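From a predicted model like this one, the values you see are computed outputs, not experimental measurements. In the text below, chain A, chain B and the rest are named by the order of the sequence lines, each starting its count at 1.
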Amino acid sequence: MLDIKLIREQPDFVRQRLATRGAGDESKIDEVLALDDRRRKLLAEVETLKAQRNRVSKEIGALMGQQKTTEADAKKQETREIGERIALLDRTVAEAEAGRDAVLLRLPNLPHASVPPGKTGADNREVRAWGDKPSFSFKPGAHVEICERLRLVDFARGTKLTGSGFVLFTNWGARLERALIQFMLDLHIREHGYTEVAPPFLVSGDCMLGVGQFPKFLDQAYAAREGADDATLGRLFLVPTAEAPVANIHRGEILKVDQLPVCYCAYSPCFRAEAGAAGVGTRGLIRVHQFDKVELIRIVKPETGYAELEKLAGHAERVLQLLGLHYRVVLLCTGDLGFASAKTYDLEVWAPGQGSYLEVSSCSNCEDFQARRMGLRFKADERFNAHPHVLNGSGTALARLFVALVETWQQADGTIAVPPVLQPYLKAERIAG
RNA sequence: GGAAGGGUGGCUGAGUGGUCUAAGGCGCCUGACUCGAAAUCAGGAGUAGGGGCAACUCUACCGCAGGUUCGAAUCCUGUCCCUUCCGCCA
């Protein structure tokens, strides 16, 4: 969440930055300030009363020690009333604070100054591209057709097992999926210096709050229930991304400055309800409720945050380069930024069969927005604690990568050539069904 | 799921209603002594939120949330977690 002190001290700046997102959130600032002001006034009042009560209680203790019970009783009577006022005010303060935080937790992060202004994806800026669109001596097929013909994916049975948006990878499809996961993990661990972690695939609501999924996007999550106990519904959620558990690994901790940067790499399936999203019903792998992803997380010193973002994007790009896939890097405009992000690069890979680019990675610097929500700090020096920048990036998302891969590497004879870097994992040079 | 025990500062560990301003020990930081170190001695050291230009000061925090009380680390209730044992289970 945003720093309440920043809102207090520079409300116009905060309003101006929020306005660039075009979602109207800047109108909430006055409300936050009013609620915050009320909270502080009440706090000052109740704390004065508490100081008074502490003083008198101490006096009572002394009187009791001297057996002066009559005087002690008189003071007790006097203090009882203060206690009642304190109890009442404590509740009011808690309400004021909860009210303020309810608004604060729904405000998105401020876009970084280097983010181009804009309303929609149309205003995003392409910053670079790698490779060229491949040319074919034949009309390239689309992934649904290729996958069904080579029996890589059984869409019908995936739907039978669970419902639309869930797919069953079969035989070489399943093996390719697994090979890609392992290839990406190995790359990031061995060459990019990440520490591999294998997180839980269910997380608490606190973790979802910490990364900014909640409270605003509760409707996008799958909630779990333990057995038949409805009371447990909503305690645990299927991870929408490994970012949810992994970014929270150090929640509530104070890291030592020499621990930074903390770099984690994790595989997880990702579960997304995609409630209300357009095109959920479309066949294929492009928009599904469950997909695999290798996620990268970096917890870094604030002053290095943006250099780290470039590094992170480079790590994700390396995956696509090694797989020989043409892609472009897009800098998202203010209006297209995610809730928690201050700056985001999307990696879009070319899918010849679709004739379009597919988003396979989103690399973001969330600055201290998430760190503040999860109580993550580091000891900047002897007496000063600060919130680190938390970055996340897909390295990369699999279902769409799978699409780009089979469409790019399809051959005239209907087979798929296996990119050299995957051959050791797949123990094959081509996939012929 | 059942039974028992337990959660106190960086660690260990005392504390069963009132100088708890949380003892003692270990470790850490600063200083003294020393050529330097060890040992010794003295001092310091948590987190968050308020108020104040500042020196400073107030409030809260003994797993978490409530309750009792003038006053709670301490008593009561709930809850989470850990350990051990039993049951079930991959």
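In this structure, Leu43(A) places its CG atom 7 Å from C1' of G49(B), rounding to the nearest Å. Rounded to whole Å, atom P of U59(B) lies 16 Å from atom CD of Glu45(A). Separating the NZ atom of Lys50(A) from the P atom of C61(B) is a distance of 7 Å, rounded to the nearest angstrom. Atoms CZ (Arg235(A)) and C1' (U79(B)) sit 9 Å apart, rounded to a whole Å. Across the protein-nucleic acid pair, Arg377(A) atom CZ and U47(B) atom C1' stand 6 Å apart, rounded to whole Å. Taking atom CZ on Phe378(A) and atom C1' on U47(B), their separation rounds to 16 Å, with Å as the unit.
Tyr306(A) and His389(A) form no side-chain donor-acceptor contact under 3.5 Å, judged by distance and modelled atom types alone. Side-chain N/O atoms of Ser114(A) and Lys343(A) include a donor and acceptor closer than 3.5 Å. Residues Asp346(A) and Ser362(A) bring a donor and an acceptor atom of their side chains to less than 3.5 Å of each other. Side chains of Gln77(A) and Arg80(A): a donor on one and an acceptor on the other come within 3.5 Å. Between His250(A) and Tyr264(A), the side chains place a donor N or O and an acceptor N or O closer than 3.5 Å (distance only, hydrogens not considered). Between the side chains of Gln52(A) and Arg55(A), no donor-acceptor pair of N or O atoms lies under 3.5 Å.
With a 3.5 Å ceiling on both atom-pair distances, the Watson-Crick or G-U wobble partner of G18(B) is C70(B).
The distance between the ring centers of His315(A) and Tyr194(A) falls below 6.0 angstrom.
Using atom P as the reference point in both C85(B) and G66(B), the two lie 36 Å apart (nearest Å). Nucleotides U83(B) and G9(B), compared at atom C1', are 22 Å apart to the nearest Å.
Residues Asp336(A) and Thr120(A) have side chains not in contact (no heavy-atom distance under 4.5 Å, counting atoms from C-beta outward). The closest side-chain heavy-atom distance from Phe271(A) to Phe237(A) is not below 4.5 Å. Using a 4.5 Å heavy-atom cutoff, the side chains of Met184(A) and Leu398(A) are in contact.
Residues from residues 86-107 of chain A placing a heavy atom under 4.0 Å of any atom in RNA chain B do not occur.
Asp30(A) and Arg15(A) are joined by a salt bridge, as a carboxylate oxygen and a charged side-chain nitrogen come within less than 4.0 angstrom of each other.
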What pairs of nitrogen or oxygen atoms, one from the protein and one from nucleotides 14-21 of chain B, lie under 3.5 Å apart?
residue, atom, partner, partner atom, Å
G18(B), N2, Ser57(A), O, 2.9

Between the protein and nucleotides 8-10 of chain B, list every N/O to N/O distance that falls short of 3.5 Å.
none

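The side chain of Arg53(A) sits closest to G71(B) out of G71(B), A48(B), U59(B).
Taking 3.5 Å as the limit, the base of G49(B) and the side chain of Glu47(A) contain a donor-acceptor pair of atoms between them.
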